[in-house]
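Read through the structure below, which is laid out as structure tokens, and then see the notes.
It should be emphasised that the depicted structure is a prediction, and the values quoted were computed from it without experimental measurement.
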Amino acid sequence: MVQVKACINGSRQQRRRVAAAVPNGMLGGIISAIQACRGDEQRTSFLSLPPFLLFLHQIISAHVHAYIQAMEKLQLDLATSSDLIGVETKSTGLFLRGKEPSKNHSSVFALGDRINILKEIDQPSLIPHIAEANSQRYPYEVLFRSLHKLLMDTATSEYLFCDVFFGEESIFYEIFAGPFAVLDEHFNVALSNCYDAIGLMLMICIVHQHQLVMFRQQIRCLDSYLDKVNISLWTRFQLVFDMHVNSLRNANIRSLWEDDVHLHYVIKSSVEFTSSLGHLNVEYGDGYNLLDQNIKTLRMAIDDLLVRLAKKFTKPKLQKAFLIQNYEMIIAILREGRTRGGLRKAHFEEVRTEKYFDELRKSSTVAFIQEILLEHFNDLIKFVESRGSEESSFSAENPSVTDLEPLVHDVSSRWKAAIKLIEKDITASFSNFESGTRIVTLTLTELLRYYTMFRERVNKMEGGTALTSQLVSTFTFLCEIRKYFITF
């Protein structure tokens, strides 16, 4: 009772001594002192004395502020305004502590192990001095979860106490107005300097799960606060997401383009980002298509950038080789994202994106095969395609046997060497061995089809039998190309 009276009527120095004697300085920690009060009249006296509430208001606010300051030392900075797709990055933290080189730039776009934070929602809050002593540092979403876990536990305890002892919920909001103000001030600064889209989406998922926890406990004291945080996170996420998309749309092709048909790092980062968003949308909960439009927009931006990069190659063959390999990388990353750490449910737009680029891969493969065959057997293919029907065989515009003699001689003299050159050309263009050998098989199979039709067309011409005898049989041709077939 003496402690309670000191809280109410005492000087600032007396209040500080009382606060030091109270475990953890929290409202629930002074229950033993308050239990000395008996009767409605004494409870009413508490409610009528603002200094007591102000004391608790200041104590909890000070603890929240101290915890935030301690967390600053554990911040692992991942992204800055320069960490857009395709832009060289350095990193800064949400607490504005300065810059340092990012040791794990892939974390800006790839979800990786960061997803594990959603499995630790109910874990106890971090103890800053222990983590600091062990030289541990964490991405901001880890600290965000820890801070809000502490807030939830504290708010739940104090809300229930205020309701039981004072019989009035409004007392809780008077006491926690200070802590909420401290948190608001912190996040206003933090979010305005956050450029980590993956981290923002993880925090959105964390808030959603915290809301579900509070709902199941039927404790509504944090509803307004969590709703406000959720809106702020979504607003910031959309801003950062738009910055990434605009960096693709407005990319300087001249600086990004490399005279190499292999995989492009910007496309890799973009697709990792797409896969991460799809995964996080699924983690948010079934039936929530929150990121459908974002993933669709990102898909269109990736496609447009790929086409613009491909056009920098002067030869159509190189353009198609570049597109095919990047399409295959896109498909592989999206599929891997669904299987890493166990098969997960696929997000609708993520699957749609995979199918979209798979169709582009198929059409580009057909075009690439046609280009490379025209490069080595141009006259043969043109002859076959010009005599695609039997009616064309009797056209006066068709070449005579005499006209075909140079072509037949050319094919018969270099067909085997040309096959070897085709195989060498394709394997040199594709860094993925399996992909390269698959396209070699498809190309030589298509060449066999053209060669078979070529023999048939020539043989049907008047006097063509003599020319056909100069060509190797279809079976011999097949045996040769099968040397380059590799099965997996």
(message) Among Asp227, Asn230, Asp223, which residue satisfies the side-chain hydrogen bond (donor to acceptor under 3.5 Å, both in side chains) criterion with Gln211?
(response) Asp227

(message) Atom CE of residue position Met214 - does it have more than 12 heavy atoms of other residues, nucleotides or ligands inside 6.0 Å?
(response) yes

(request) Would you indicate whether the side-chain heavy atoms of Asp358 and Lys362 approach each other to under 4.5 Å? (result) yes

(message) For the NZ atom of Lys119 and the CG atom of Asn116, what is their distance to the nearest 0.5 Å?
(response) 5.0 Å

(request) Answer yes when Glu371 and Lys315 have at least one side-chain N-carboxylate O distance shorter than 4.0 Å, and no when they do not. (result) no

(message) Measuring centre to centre across the rings, with the benzene-like ring taken for any Trp, is Tyr265 within less than 6.0 Å of Phe109?
(response) no

(request) Indicate yes or no: at least one non-hydrogen side-chain atom of Gln217 is less than 4.5 angstrom from one of Leu160. (result) no

(request) Give the minimum heavy-atom separation between Lys320 and Ala367, together with the two atoms involved. (result) CE-CB, 3.8 Å

(message) What I'd like to find out is whether the side chain of Lys296 reaches to under 4.5 Å of the side chain of Arg299, using heavy atoms alone.
(response) yes

Ignoring hydrogens and angles, write down the donor-acceptor pairs under 3.5 Å from the side chains of residues 324-332, residues two or more places apart or on other chains.
from: Gln325; atom 1: OE1; to: Ser431; atom 2: N; distance (Å): 3.0
from: Gln325; atom 1: OE1; to: Ser431; atom 2: OG; distance (Å): 3.4
from: Gln325; atom 1: NE2; to: Val261; atom 2: O; distance (Å): 2.9
from: Gln325; atom 1: NE2; to: Ala321; atom 2: O; distance (Å): 3.4
from: Gln325; atom 1: NE2; to: Ser429; atom 2: O; distance (Å): 2.7
from: Asn326; atom 1: OD1; to: His264; atom 2: N; distance (Å): 3.1
from: Asn326; atom 1: ND2; to: Phe322; atom 2: O; distance (Å): 2.8
from: Glu328; atom 1: OE1; to: Ser435; atom 2: OG; distance (Å): 2.6
from: Glu328; atom 1: OE2; to: Ser435; atom 2: OG; distance (Å): 2.9
from: Glu328; atom 1: OE2; to: Arg438; atom 2: NH2; distance (Å): 2.4

(message) The test is side chain to side chain contact (heavy atoms under 4.5 Å, CB included); show your working for Val271 and Thr353 and say whether it passes.
(response) CA-CA 10 Å; Val271 182; Thr353 296; over 6 Å; no

(request) Work out which heavy atom in Ala310 is nearest to a heavy atom in Gln319; give both atom names and the distance. (result) O-CG, 3.0 Å

Side-chain donor-acceptor pairs of residues 174-181 under 3.5 Å, sequence neighbours excluded:
none

(request) Determine whether His63 and Leu150 make a side-chain contact, defined as any pair of heavy atoms from C-beta on separated by less than 4.5 Å. (result) no

(request) For the pair Arg249 (side chain) and Ala301 (backbone), establish whether a donor and an acceptor sit closer than 3.5 Å, ignoring hydrogens and angles. (result) no

(message) Counting C-beta onward and ignoring hydrogens, is there a side-chain heavy-atom pair between Tyr138 and Leu126 closer than 4.5 Å?
(response) yes

(message) Rounded at 0.5 Å granularity, tell me how far OG1 in Thr441 sits from CD in Glu423.
(response) 9.5 Å

(message) Does Ile302 form a side chain to side chain contact (heavy atoms under 4.5 Å, CB included) with Phe357? I'd like the steps, not just the answer.
(response) CA-CA 10 Å; Ile302 293 171; Phe357 284 111; 4.0 Å; yes

(request) Compare every heavy atom of Ser146 with every heavy atom of Ser125, then report the nearest pair and how far apart it is. (result) OG-O, 2.9 Å

(message) Let me confirm one number: the CG-CG distance from Leu360 to Asp303, rounded to the nearest 0.5 Å.
(response) 5.5 Å

(request) Working to the nearest 0.5 Å, report the span between CD of Glu132 and CD1 of Ile127. (result) 13.5 Å

(request) Compare all side-chain heavy atoms of His244 with those of Asn294 and state whether any distance is below 4.5 angstrom. (result) no

(request) Using a 4.5 Å cut-off on heavy atoms from C-beta on, say whether the side chain of Leu233 contacts that of Phe237. (result) no

(request) Would you please indicate yes or no on a ring centroid separation below 6.0 angstrom for His148 and Tyr225? (result) yes

(request) Using a cut-off of 6.0 Å, state whether more than 12 heavy atoms not belonging to Glu185 lie near its atom CD. (result) no

(message) Can you confirm whether Ile253 is buried at CD1, in the sense that more than 12 heavy atoms of other residues, nucleotides or ligands lie under 6.0 Å from that atom?
(response) yes

(request) Under the side chain to side chain contact (heavy atoms under 4.5 Å, CB included) rule, what do Gln123 and Lys149 come out as? Steps first, then yes or no, please. (result) CA-CA 8 Å; Gln123 293 298 309; Lys149 172 63 174 173; over 6 Å; no

(message) Can you give me the closest heavy-atom contact between Glu350 and Ser275, atom names plus distance?
(response) OE2-OG, 3.7 Å

(message) Main chain of Thr154, side chain of Ser157: is a donor-acceptor contact present, judged purely on distance under 3.5 Å?
(response) no

(message) If we ignore hydrogens and angles and just use 3.5 Å, is the side chain of Asp260 paired with the main-chain N or O of His262 as donor and acceptor?
(response) yes

(request) Indicate the atoms forming the closest heavy-atom contact of Ser255 with Asn252, along with that distance. (result) OG-O, 2.9 Å

(message) Is the shortest side-chain heavy-atom distance between Phe485 and Thr437 below 4.5 Å?
(response) no

(request) Can you label the angle between the Tyr159 ring and the Tyr173 ring as parallel, tilted or perpendicular, going by 30° and 60°? (result) perpendicular

(request) Search all heavy atoms of Leu118 against all heavy atoms of Glu283 and return the closest pair with its distance. (result) CD1-CB, 3.8 Å

(request) Can you measure from CG (Leu305) to CE (Met300) and round to the nearest 0.5 angstrom? (result) 14.0 Å

(message) Quick one: does any side-chain atom of Ser269 pair with a main-chain N or O of Val266 as donor and acceptor, under 3.5 Å?
(response) no

(request) Start with the C-alpha distance between Gln238 and Trp234, add both sets of side-chain angles, then the distance that settles side chain to side chain contact (heavy atoms under 4.5 Å, CB included), and finish with yes or no. (result) CA-CA 6 Å; Gln238 193 59 51; Trp234 271 113; 5.5 Å; no

(message) As a test of understanding, state which of Val229, Leu151, Asn188 forms a side chain to side chain contact (heavy atoms under 4.5 Å, CB included) with Leu183.
(response) Leu151

(message) Any side-chain to backbone donor/acceptor pair from Arg236 onto Cys194? Under 3.5 Å, distance only.
(response) yes

(message) Check Lys268 with Glu272, please: is the shortest side-chain N to carboxylate O separation under 4.0 Å?
(response) yes

(message) To the nearest 0.5 Å, what is the distance between CE on Met201 and CG on Leu111?
(response) 11.0 Å

